[in-house]
**Student:** 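Structure below; questions to follow.
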Amino acid sequence: MNSFDAPPLKKPIFHRLKFKVEQIDQFEYFFTRKDIVNMSSYQNYLQSGLPIMYLQDHKQSLWKKFSEECPNGLRCIAFMTRLQ
């Protein structure tokens, strides 16, 4: 496989999203509002210690609300990946 005549292996290309601080703040503010999420008062996520949040609506309707409030914020794909 890796003999002298074999071509060099191709390295994978990594793509990373870089968010501005303003975009991250808008996202965090949006998901701390009580009309968007219900926070669990008795359960915490074990790894981070943060309370578990239950969404009150579907992802697409949350995206519509977010894009109306923050038109210069994250785009749809970045919003969905950050939501996970």
Side-chain angles (χ1 to χ4, degrees):
M1 178 173 188
N2 289 331
S3 65
F4 293 111
D5 296 332
L9 297 175
K10 293 183 181 178
K11 295 182 180 180
I13 299 172
F14 295 100
H15 299 282
R16 293 184 176 86
L17 296 174
K18 295 182 181 179
F19 301 114
K20 296 178 184 174
V21 176
E22 177 184 321
Q23 293 173 334
I24 294 171
D25 290 340
Q26 288 174 350
F27 183 83
E28 290 175 359
Y29 172 73
F30 184 75
F31 281 102
T32 55
R33 294 183 6 209
K34 291 186 178 186
D35 62 329
I36 303 297
V37 295
N38 291 331
M39 283 191 213
S40 175
S41 60
Y42 59 92
Q43 287 183 333
N44 290 337
Y45 187 63
L46 294 176
Q47 293 178 348
S48 64
L50 297 173
I52 295 176
M53 296 183 193
Y54 300 101
L55 299 177
Q56 290 188 1
D57 222 340
H58 296 288
K59 291 179 183 180
Q60 290 298 326
S61 57
L62 288 174
W63 164 244
K64 288 179 185 177
K65 288 180 187 177
F66 182 79
S67 63
E68 289 172 1
E69 293 179 15
C70 306
N72 296 331
L74 299 173
R75 299 291 172 230
C76 184
I77 295 174
F79 179 82
M80 294 299 176
T81 56
R82 185 92 174 149
L83 187 60
Q84 293 177 354

**Student:** How many angstroms lie between NE2 in His58 and NZ in Lys64, if you round to the nearest 0.5 Å?
**Tutor:**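 Going from the NE2 atom of His58 to the NZ atom of Lys64 covers 11.5 Å.
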**Student:** Looking at every non-hydrogen atom in both residues, tell me the closest pair between Gln23 and Asn72 and how far apart they are.
**Tutor:**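 Looking at all heavy atoms of both residues, the shortest contact is NE2-O, 4.2 Å.
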**Student:** Output the distance between atom CE (Met80) and atom CG (Leu74), rounded to the nearest 0.5 Å.
**Tutor:**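 Those atoms lie 11.5 Å apart.
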**Student:** Report the residues that fulfil ring pair (Phe, Tyr, Trp, His ring centres under 6.0 Å) with Phe79, sequence neighbours left out, ordered by chain and then residue number.
**Tutor:**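 If we apply the ring pair (Phe, Tyr, Trp, His ring centres under 6.0 Å) test to Phe79, skipping adjacent residues, the hits are Phe27, Phe31, Trp63, Phe66.
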**Student:** In Å, rounded to the nearest 0.5 Å, how long is the span from CD of Gln60 to SG of Cys76?
**Tutor:**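 Rounded to the nearest 0.5 Å, the CD-SG separation comes out at 5.5 Å.
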**Student:** How many angstroms lie between atom CG of Asp57 and atom CD1 of Ile36, to the nearest 0.5 angstrom?
**Tutor:**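 Spacing of CG (Asp57) from CD1 (Ile36) equals 8.0 Å.
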**Student:** Could you tell me which residues satisfy side chain to side chain donor-acceptor pair (under 3.5 Å) with Asp25, sequence neighbours excluded, listed by chain and number?
**Tutor:**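 Counting only residues at least two positions away or on another chain, Asp25 forms no side chain to side chain donor-acceptor pair (under 3.5 Å).
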**Student:** For Glu69, does the CD atom sit with more than 12 other heavy atoms under 6.0 Å from it, leaving out its own atoms?
**Tutor:**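 Yes, enclosed.
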**Student:** Are Tyr29 and Phe19 linked, directly or through other ILVMFWY residues, by side chains that come within less than 4.5 angstrom of each other?
**Tutor:**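 Not linked; separate clusters.
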